[in-house]
Participant: 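Before I ask anything, here is the structure I am working with.
In this text, all values refer to a predicted model and were calculated from it rather than measured experimentally. Below, read A as the first sequence line, B as the second, and so on, with proteins coming before strands; counting in each chain starts at 1.
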Protein chains: 2
Amino acid sequence: MTNPTACLLIIGNEVLSGRTQDANLKFIATRLGEIGIPLREVRVIPDVPDTIIATVNEVRAKFTYVFTTGGIGPTHDDITAECVAAAFGVPWEPHPEAWERLAAHYARQDPPAEFNAARQRMATMPRGAALIDNPVSVAPGFIIGNVHVMAGVPRIMQAMFEGLAPRLAGGTPVQSRAVHATGMLEGTIAEGLGAIQARYPELDIGSYPYYRPEGNGVALVAKGTEPARVEAALGEITTFITELGYVPVQGEPR
Amino acid sequence: MTNPTACLLIIGNEVLSGRTQDANLKFIATRLGEIGIPLREVRVIPDVPDTIIATVNEVRAKFTYVFTTGGIGPTHDDITAECVAAAFGVPWEPHPEAWERLAAHYARQDPPAEFNAARQRMATMPRGAALIDNPVSVAPGFIIGNVHVMAGVPRIMQAMFEGLAPRLAGGTPVQSRAVHATGMLEGTIAEGLGAIQARYPELDIGSYPYYRPEGNGVALVAKGTEPARVEAALGEITTFITELGYVPVQGEPR
């Protein structure tokens, strides 16, 4: 059985300009792996309507799930919702439930804040969108088709994702096992490691050098959906590097 | 005059699985902005030959410059160079200068290390490639056409980029000016800010909420290639938020 796949679109000039360090990719990648929806591609794209529309349409046809972060606030550069509507060819219009939640939220402020045109944009969505709850700051994300539109602020995005996760139809969780050895060189182990990978074609075996004050080395990681095979591959890797004279330590380096 | 554009390809399963936090995007985005080559798109793609080949061909046709990070080490999952060769339709073959540098490097070790088949892969490149020096660990990156292939390890990538930078034909550097105010709400300023953006269509005016223990607020950033226009827009923004009763502070929040 093949697992579903996912693509993440990070929408925002601030990541592309280097102003903001993205903090969403790693979280989403890790959580998706845990629920058996491997992340297969990420794109970071600017706040440019044609780019957003074309990219959404390209990737929603290509992957089981699409997640987006960014561009759903109240300002002029928050154009994700209207671009997703355009991508799906549906009207971008007030969403009754989102409207109600936001109107109540602003009325509840002391003193009450105005539910003005800018804030109303956050309740304006593609027709047919289903809401993604926002327990942090109320303004919801939404789902249309296989596209899941979330906030860019990490704390809000994470809360949205956790509310969403039980509704995602995942596959077999991806298991990951690692071993590392300080002093090990990739050039020494490459051939033998390649031979092990060849015997486990359904696994991803990765080799990742690390550089630490305590000493440089290499971490070797086996990933796959069958725990017994992941275990067996890690055993072969451990034996192999032990025979080369290295001292394997289970897990990732600290 | 329109600036050249750039696309970054981050190649590696370890970023897509959430194992590794990418640390290259922000550096490359910032440095490219400084030399007037705005980064317009980033893709994170897996170590899958068809995906790498198709993506390289798509983006090299679309952007002035393509930069890649990752996948140029000696192990079986380091397949960037052969995939780039396939994308360009040229042989993947020993590069005499790279071969010489690496052979000398391993001979120089005490005791000498073997320049084995795995290490020879790091000297195997698309025919016609020009080398990118690696002052950290010798194994070079390379340039073919408009594609610049660099290491994934941040320290090595940064050294490669700095060696490369003087050879990149940049445009007008992008100027960025910021102002922020604690207590400010996006929903309050959105309409006026949109009006300012409309008067400076050639600039990117961005609005970025921040969340700090000392207080939440919003940073407003004006970017563009004409310093006088950036300055003028920032002046209008500052006046506008002052009139709303906020206390603007120049620059980004600490």
Side-chain angles (χ1 to χ4, degrees), chain A residues 10 13-22 25-33 38-47 51 73-77 106 113-114 116-119 121-122 153 155 174 176 185-191 193-194 197-198 204-209 211 221 223 252, chain B residues 10 13-22 25-33 38-47 51 73-77 106 113-114 116-119 121-122 153 155 174 176 185-191 193-194 197-198 204-209 211 221 223 252:
Chain A
I10 298 171
N13 294 338
E14 70 278 19
V15 178
L16 284 175
S17 71
R19 176 190 180 272
T20 304
Q21 166 73 52
D22 167 70
L25 196 175
K26 192 172 194 283
F27 174 88
I28 292 173
T30 303
R31 290 291 290 117
L32 285 174
L39 184 62
R40 289 285 185 233
E41 185 164 328
V42 179
R43 298 196 191 181
V44 187
I45 57 174
D47 303 319
T51 304
T75 60
H76 65 277
D77 54 345
Y106 290 111
E114 193 195 350
N116 60 19
R119 288 168 174 146
R121 282 173 57 86
M122 297 192 288
V153 174
R155 200 163 48 101
V174 177
S176 175
L185 298 170
E186 280 197 307
T188 309
I189 59 168
E191 197 185 332
L193 193 68
Q197 171 73 79
D204 271 338
I205 297 177
S207 167
Y208 308 113
Y211 303 89
V221 181
K223 276 177 188 284
E252 293 272 1
Chain B
I10 297 172
N13 294 340
E14 70 278 20
V15 178
L16 283 175
S17 71
R19 176 190 181 272
T20 303
Q21 165 73 50
D22 167 71
L25 196 175
K26 192 172 195 283
F27 174 88
I28 293 174
T30 304
R31 290 291 289 118
L32 285 174
L39 184 63
R40 289 285 186 235
E41 185 164 328
V42 179
R43 296 196 192 181
V44 187
I45 56 174
D47 303 319
T51 304
T75 59
H76 65 276
D77 54 346
Y106 290 111
E114 193 196 350
N116 60 18
R119 289 168 174 148
R121 281 173 57 85
M122 297 192 288
V153 175
R155 200 163 47 102
V174 178
S176 174
L185 298 169
E186 280 197 308
T188 309
I189 59 166
E191 197 186 332
L193 193 68
Q197 171 72 80
D204 273 338
I205 297 177
S207 168
Y208 308 113
Y211 303 88
V221 181
K223 276 178 188 282
E252 293 272 1

Participant: Please determine, among Tyr106(B), Tyr208(B), Phe27(B), the option with the most heavy-atom pairs under 4.5 Å with chain A.
Facilitator: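 Heavy-atom pair counts peak at Tyr208(B).
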
Participant: Which one of Thr188(B), Val42(B), Val153(B) has the most heavy-atom pairs closer than 4.5 Å to chain A?
Facilitator: Val42(B)

Participant: If you count the non-hydrogen atoms of other residues, nucleotides and ligands that lie under 6.0 Å from CD in Gln21(B), is the total more than 12?
Facilitator: yes

Participant: Could you pull out the closest heavy-atom pair between Ala190(A) and Pro74(B), with the gap in Å?
Facilitator: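 Taking every non-hydrogen atom into account, CB-O, 3.3 Å.
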
Participant: Let me confirm one number: the CD-CG distance from Gln197(A) to Asp77(B), rounded to the nearest 0.5 Å.
Facilitator: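 It comes to 7.5 Å.
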
Participant: What part of Leu39(A) lies closer than 4.5 angstrom to a heavy atom of chain B: side chain, backbone, both or neither?
Facilitator: both

Participant: Identify which of Thr75(A), Ile189(A), Thr30(A) forms the greatest number of heavy-atom pairs closer than 4.5 Å to chain B.
Facilitator: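 When all of Thr75(A), Ile189(A), Thr30(A) are compared, Thr75(A) has the most.
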
Participant: Shorter than 4.5 Å, heavy atoms on both sides: which option in Arg31(B), Glu186(B), Arg43(B), Lys26(B) has the most such pairs with chain A?
Facilitator: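 Option with the top pair count is Arg43(B).
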
Participant: Could you tell me whether the side chain of Asn116(B) and the main chain of Gly187(A) form a donor-acceptor pair under 3.5 Å?
Facilitator: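 Pair found, side chain donor or acceptor close to backbone of Gly187(A).
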
Participant: Rounded to the nearest 0.5 Å, how far apart are CD1 of Ile10(B) and CG of Leu25(A)?
Facilitator: 7.5 Å

Participant: Contact part of Asp22(A) toward chain B, heavy-atom cut-off under 4.5 Å: side chain, backbone, both or neither?
Facilitator: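 For Asp22(A), the contact with chain B is made by the backbone alone.
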
Participant: Could you list the residues that satisfy side-chain hydrogen bond (donor to acceptor under 3.5 Å, both in side chains) with Arg19(A), not counting sequence neighbours?
Facilitator: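 Here the qualifying residues are Glu252(B).
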
Participant: Measure from the side-chain N and O atoms of His76(A) to the backbone N and O of Ile205(B), and report whether any donor-acceptor pair falls under 3.5 Å.
Facilitator: yes

Participant: In chain order, what residues pass the side-chain contact (heavy atoms from CB on, under 4.5 Å) check against Lys223(A), with sequence neighbours excluded?
Facilitator: Val174(A), Ser176(A), Asp204(A), Val221(A), Ser17(B)

